[in-house]
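Structure, as structure tokens:
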Amino acid sequence: MNAPLSFLKEVDFSKEELLELIDLSLHFKQLKKEKTPHHYLEGLNIALIFEKTSTRTRSAFTVAGQDLGMQVTYLGSDEIQLGRKESVADTAKVLGSMFDGIEYRGFKQEDVETLARYAGVPVWNGLTDTWHPTQMIADFMTLKEVFGSLEGLHIAYVGDGRNNVAHSLLVTAAILGVNITIIAPASLQPEKEIVALAEQHNNGALIKITDELEAVEGADMLYTDVWVSMGEEIDFKERIDLLLPYQINAELLAKTGKTNTVVMHCLPAFHDRKTEIGLSLYEKYGLAELEITDDIFQKHSPIIFQEAENRLHSIKAIMYYSLKEG
Ligand code: CP
Ligand code: NVA
């Protein structure tokens with residue numbers, strides 16, 4: 001029997017495999033739009049474990065699982081023994097004996113890798129502190145929809161260059177041969193191990209890491225993410241002071257020198273005061289918008305929400321790819 005095909009991080013996959021997943025995602029989107037039933041995995045059971053909160057990833061795994069005909073069980077991390085009364089390895093053995101696949105969102109990459117090692121069934125990484133691989137299939141699928149092809153694209157990530165989304169974008173772009181620039185202050189640039197991975201798996205992309213905003217010049221797409229990620233215990237004010245110059249706003253967009261540059265964001269985003277955290281940051285520091293201004297967010301929201309919807313189609317493709325021959 002072949003080892004279960006998990007989806008833990010992008011570097012485990014070749015360019016051809018990632019492109020196949022992107023095309024499979026586009027195919028599933030078509031089936032969904034046509035309302036063509038696709039219960040290809042009828043009778044299977046999957047478990048979803050979330051140690052961190054989620055809207056998109058949880059909803060996408062739930063609906064994608066159901067659309068494929070599977071039974072989906074949500075296991076809140078506060079309600080199971082994982083990590084407190086039972087090791088990750090023991091939990092993996094138990095869940096793997098009952099479920100056909102497991103999604104895990106948590107803190108340590110090591111935990112999702114341990115889960116995969118002992119479960120004996122596919123494990124999908126729904127985000128860890130290090131990587132956010134399912135997000136990448138949706139993001140590059142969206143780029144393919146918008147530009148028709150990934151060939152020759154130049155993308156730039158601006159903001160916290162050391163978080164899971166920045167890491168994943170850097171490495172995935174390299175594997176796919178898409179030119180990528182990470183623009184972040186020196187203290188928030190990707191660790192050298194992550195850059196080395198991108199270089200090691202590079203298929204012809206130009207890779208640049210810099211603190212200079214001018215490096216957005218020529219970018220077809222600007223990407224950003226929150227300035228403080230889930231689980232980070234840091235001084236918010238310090239991070240704001242460091243990253244405010246890296247906000248995506250009209251001035252930065254103009255520096256691309258292009259009129260058709262698009263903006264993407266994995267969401268959730270702080271672009272107004274309509275969240276508890278957004279409001280409290282406004283009351284404390286007088287800032288209504290953080291990583292992206294509201295005007296730019298609204299202008300580019302059709303693509304940003306297309307990207308969010310694509311989480312469903314891409315997660316469906318990832319699960320199908322893992323389970324189809326099982
Ligand atoms: N982009 C993303 O992973 O969103 P959630 O945190 O809502 O799942
Ligand atoms: N970097 C963010 C991504 C959320 C989808 C976080 O980890 O909180």
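Note that ligands are numbered from 1 as they come in the structure, with each ligand's atoms numbered from 1 the same way.
- Which parts of ligand 2 touch Val226 is read off a 4.0 Å heavy-atom cut-off, strictly below it: atoms 2 (C).
- Between the side chains of His265 and Glu291, at least one donor N or O sits under 3.5 Å from an acceptor N or O.
- Ligand-side atoms of ligand 1 in range of Leu267: 1 (N), 2 (C), 4 (O), range being under 4.0 angstrom from any heavy atom.
- Geometrically, Lys324 engages Tyr321 in a cation-pi contact, judged by NZ or CZ lying under 6.0 Å from the ring centre and within 45° of the ring axis.
- Heavy atoms of Lys52 come nearer than 4.0 angstrom to ligand 1 in no pair at all.
- If you check which protein heavy atom lies closest to atom 4 (C) of ligand 2, you get Leu127 CD1, 3.9 Å.
- One side chain, Thr128 or Gln109, offers a donor N or O that lies under 3.5 Å from an acceptor on the other.
- Using a 4.0 Å cut-off between a side-chain N of Lys or Arg and a carboxylate O of Asp or Glu, Glu232 and Arg162 qualify as a salt bridge.
- Distances shorter than 4.0 angstrom occur between a heavy atom of Leu267 and an atom of ligand 2.
- For ligand 2 and Asn163, the ligand atoms under 4.0 Å from any heavy atom of the residue are 1 (N).
- Taking the six-membered ring for Trp and thresholds of 30 and 60 degrees, Phe7 and Phe13 have ring planes inclined between 30 and 60 degrees apart.
- Numbered from 1 in the order shown, with element, the atoms of ligand 1 that lie under 4.0 Å from a heavy atom of Thr57 read 2 (C), 3 (O), 5 (P), 8 (O).
- Close approach of ligand 1 to Arg311 (heavy-atom distance below 4.0 Å) involves ligand atoms 1 (N), 2 (C), 3 (O).
- Scanning the protein for heavy atoms near atom 4 (O) of ligand 1, the closest one is Arg56 NE, 2.8 Å.
- Remark: Lys299 NZ is loosely packed, at most 12 non-hydrogen atoms of other residues, nucleotides or ligands lying under 6.0 Å away.
- Looking at Glu34 and Thr36, their side chains do bring a donor and an acceptor atom within 3.5 Å of each other.
- Using modelled atom types and a 3.5 Å distance limit, the side chains of Gln81 and Thr91 yield no donor-acceptor pair.
- Note on Glu214 versus Lys208: no salt bridge recorded, every NZ/NE/NH1/NH2 to OD/OE distance being 4.0 Å or above.
- The shortest heavy-atom distance from Leu127 to ligand 1 is not under 4.0 Å.
- Protein heavy atom nearest atom 3 (C) of ligand 2, with residue, atom name and distance: Asp225 OD2, 3.6 Å.
- Geometrically, ligand 2 and Ser229 share a nitrogen or oxygen pair separated by less than 3.5 Å.
- Closest heavy-atom approach to atom 1 (N) of ligand 1 within the set Cys266, Ser54, Ala138: this belongs to Cys266.
- Criterion: ILVMFWY side-chain heavy atoms under 4.5 Å apart, direct or through other members. Under it, Leu323 and Leu31 are part of a common hydrophobic cluster.
- For atom 6 (O) of ligand 1, the closest non-hydrogen atom on the protein side is Arg105 NH1, 2.9 Å.
- The distance criterion of under 3.5 Å between nitrogen or oxygen atoms is not met by Arg58 with respect to ligand 1.
- Residue-environment remark: OH (Tyr282) stays at or below the threshold of 12 foreign heavy atoms within 6.0 Å.
- Annotation: atom 7 (O) of ligand 2 to nearest protein heavy atom, Asn164 ND2, 2.9 Å.
- The protein atom (non-hydrogen) at minimum distance from atom 8 (O) of ligand 2 is Met230 N, 2.8 Å.
- Nearest to atom 5 (P) of ligand 1 by heavy-atom distance, out of Thr53, Asn164, Thr55, is Thr55.
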